[in-house]
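This structure is a prediction, so every number in the text was calculated from the model and none was measured. Chain naming here is simple, since letters A, B, ... match the order of the sequence lines and numbering starts at 1 in each.
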There are 2 protein chains.
Amino acid sequence: MATMLEVAKRAGVSKATVSRVLSGNGYVSQETKDRVFHAIEESGYRPNLLARNLATQKTQTLGLVVTNTLYHGVYFSELLFHAARMTEDQGRQLILADGKHSAEEEREAIQYLLDMRCDAIVIYPRFLSVEEMDEIVESHSRPIVVLNRRLRHNSSHSVFCDHKATSQVAVEQLIALGHRDIAFVTGSLDSPTGVERLSGYKEALSRHNIPLRESLIVSGKWTPASGTEAVDTLLARQETFSAIVASNDDMAVGVLRQLHHHGIRIPQQVSVIGFDDIALAPYMIPSLASVRIPVTEMIKETIGRVIFMLDGGEFKIQQRFTGELIPRDSVANGPYA
Amino acid sequence: MATMLEVAKRAGVSKATVSRVLSGNGYVSQETKDRVFHAIEESGYRPNLLARNLATQKTQTLGLVVTNTLYHGVYFSELLFHAARMTEDQGRQLILADGKHSAEEEREAIQYLLDMRCDAIVIYPRFLSVEEMDEIVESHSRPIVVLNRRLRHNSSHSVFCDHKATSQVAVEQLIALGHRDIAFVTGSLDSPTGVERLSGYKEALSRHNIPLRESLIVSGKWTPASGTEAVDTLLARQETFSAIVASNDDMAVGVLRQLHHHGIRIPQQVSVIGFDDIALAPYMIPSLASVRIPVTEMIKETIGRVIFMLDGGEFKIQQRFTGELIPRDSVANGPYA
DNA sequence: TTGTAGGCGTTATCAT
DNA sequence: ATGATAACGCCTACAA
């Protein structure tokens, strides 16, 4: 590929002048400018960003780490959509690194982006512990921002959601409707989100003096398939219940399908609530209620601030989001709208 | 940040030796190796990939450009999932550039990846014409591979699917079942895929001597919402029909929802078929038939070959995929399985 | 086995 | 207004 030197020779000037023309810094006569542009055309010159970034010590790039266990499903799409949109609105580029499916690999992904000299990094951790994230954030001068985790020491580097409160609200809604036999499908319990949502369920029951029945709790793994299995497990246990709370919408979908499969009518016989990590509305069967958590806002807010900070602004990101309960049918359109 | 020079000083050796230790090329005594590793630990040294890539003239990186109008929805997730998985299996990294929503921006995205010196580029074009893609592929020495387009001059750089044939098969299935009043919801007609699927519909009717009724054709825009609108349009036209073919699954979902909304029973009163760009199964309402196109295979195949080629293999990618008709209920699990 | 030195393609600081 | 020239951090012959 043509380099700057070739352009310079062709235009009969020095590299420095070509650089000036390209960057717009410094004075260059109109005449030489023209010659340079002409030479660029002729040679098909394209700047080498590696060289430029090396020289300038900045890459105009934002790194994003997400585990690929999230790649399926709408949550991730939404995250990426907003991240891409916002970074490019600022004339930057987004680089995605796969966190794959272990803490070690999430660490590597962060390291890669760091080694690539991204100006800042946003991570949605799935396997790295809060403690380690805290350490990582501290031990690097480059800004690292954490989504959906509450850091203890660097809380200003995190954006999180009160999953316990949201879950509690959801369950209390059911209680208010007269339900007392409420089954609960957990998410993966190695994730804080999963633990917090379960804890909100227990809290709600306890507050309303409803005895906890362990046999109404089934462990799921965030996937539709595990929602399906959860229903079978409950039926096999011969439990009676009038409502099921699934720890996310994906599992809720599985639950709905399986109830339908067994000829159980919704919501006449059993009510179902899921947590709306993101709007699944376009794909949903009506008559599922869901707790909507404004993830989109959370993301926008975060990326927006990170970028702001890169331009020299303040760095205060800590935010606390909660959710609202919405009946599924009221959702006219999903992310496509 | 600590550089290689600092490590060298600390270990009492030259940069070259440190480089050898890191790359594993050349002889280094065990003793100095130890000293170097120790120095690396102490200084918290991390290689600067910009510098390394500049020096080696390779980035071990695969660029991917996709329009962000696809970011929502499962198709994109699947694409990204496999792309990420395959590139990292090969020890490479994936860089995603947003094609945004115009030909110009798709061009820019490609250019950016080229300027970043990605080893190869995969693009799923949405706005760039086949002709221009052909030109682009030709005018760059770096490998560029095109998904879902059939290039005329560089067909070995493309992987595509016979959308017309698939569509025709789908419609003929309905005809075989006795349907004659078959409505069709198109995709965006500025995309080849949209045009081809419509053309397959017409071909099927024509082959079976069923007169084409323009009023049974409604134009959609690939989204669930446009599927919803399509149903209303058909009803407003007071058309009679016993089946609806939607040009993709997203629209099919919208169609189903709206039929349901109007109290029309499926499939007793109206049958619905969609095109399974990707497995939406976990979210689907039973009793929708769908044409499954093995996009996943297509993607794997493509990325796999690109990577193979980077390692010095041949470069023969041209492939033609078709689809098979499957009833929705036979799909046990989606991408989560 | 190790060190020296030149190069990768830019930017940026001086002079001129 | 323009040209040398030294970084930027790493790799890689070529010597020693």
Next item on the list: Tell me, please, the opening and closing nucleotides of DNA chain D, 5' to 3', among those with an atom under 4.0 angstrom from a non-hydrogen atom of chain B.
Entry: dG9(D) to dA13(D)

Checklist line | Interatomic distance where CZ belongs to R117(B) and P belongs to dT10(C) [whole Å] | finding: 7 Å

Next item on the list: Quickly work out the L54(B) CG to dG6(C) C1' distance and round it to whole Å.
Entry: 14 Å

Note to self: Please report the end-to-end axis angle for the helix from dT1(C)-dA16(D) to dT16(C)-dA1(D), five pairs per end, rounded to 10 degrees.
What the structure shows: 40°

Next item on the list: Would you indicate whether R85(B), at its atom CZ, is surrounded by more than 12 heavy atoms from other residues, nucleotides or ligands within a distance under 6.0 Å?
Entry: no

Notebook entry, point to check: Between dC8(C) atom C1' and N48(B) atom CG, what is the distance in whole Å?
Noted result: 13 Å

Notebook entry, point to check: What is the distance from CG of L50(A) to P of dT11(C), rounded to the nearest Å?
Noted result: 13 Å

Note to self: Quick check on DNA chain C: between T56(B) and V13(B), whose nearest nucleotide comes earlier from the 5' end?
What the structure shows: V13(B)

Margin query: Of the listed nucleotides (dA12(C), dT2(C), dT10(C)), which one gets closest to any side-chain atom of A16(A)?
Written below: dA12(C)

Check: So which heavy atom on R126(B) is nearest to which on W222(B), and how close?
Finding: NH2-NE1, 4.3 Å

Notebook entry, point to check: Does R20(B) make a side-chain donor-acceptor contact with the base of dG3(C), cut-off 3.5 Å?
Noted result: yes

Next item on the list: Using a strict cut-off of less than 4.0 Å between a Lys/Arg side-chain nitrogen and an Asp/Glu carboxylate oxygen, indicate whether D134(A) and R150(A) qualify as a salt bridge.
Entry: no

Margin query: So S23(B), base contact, sugar-phosphate only, or nothing? Heavy-atom distance under 4.0 Å.
Written below: nothing

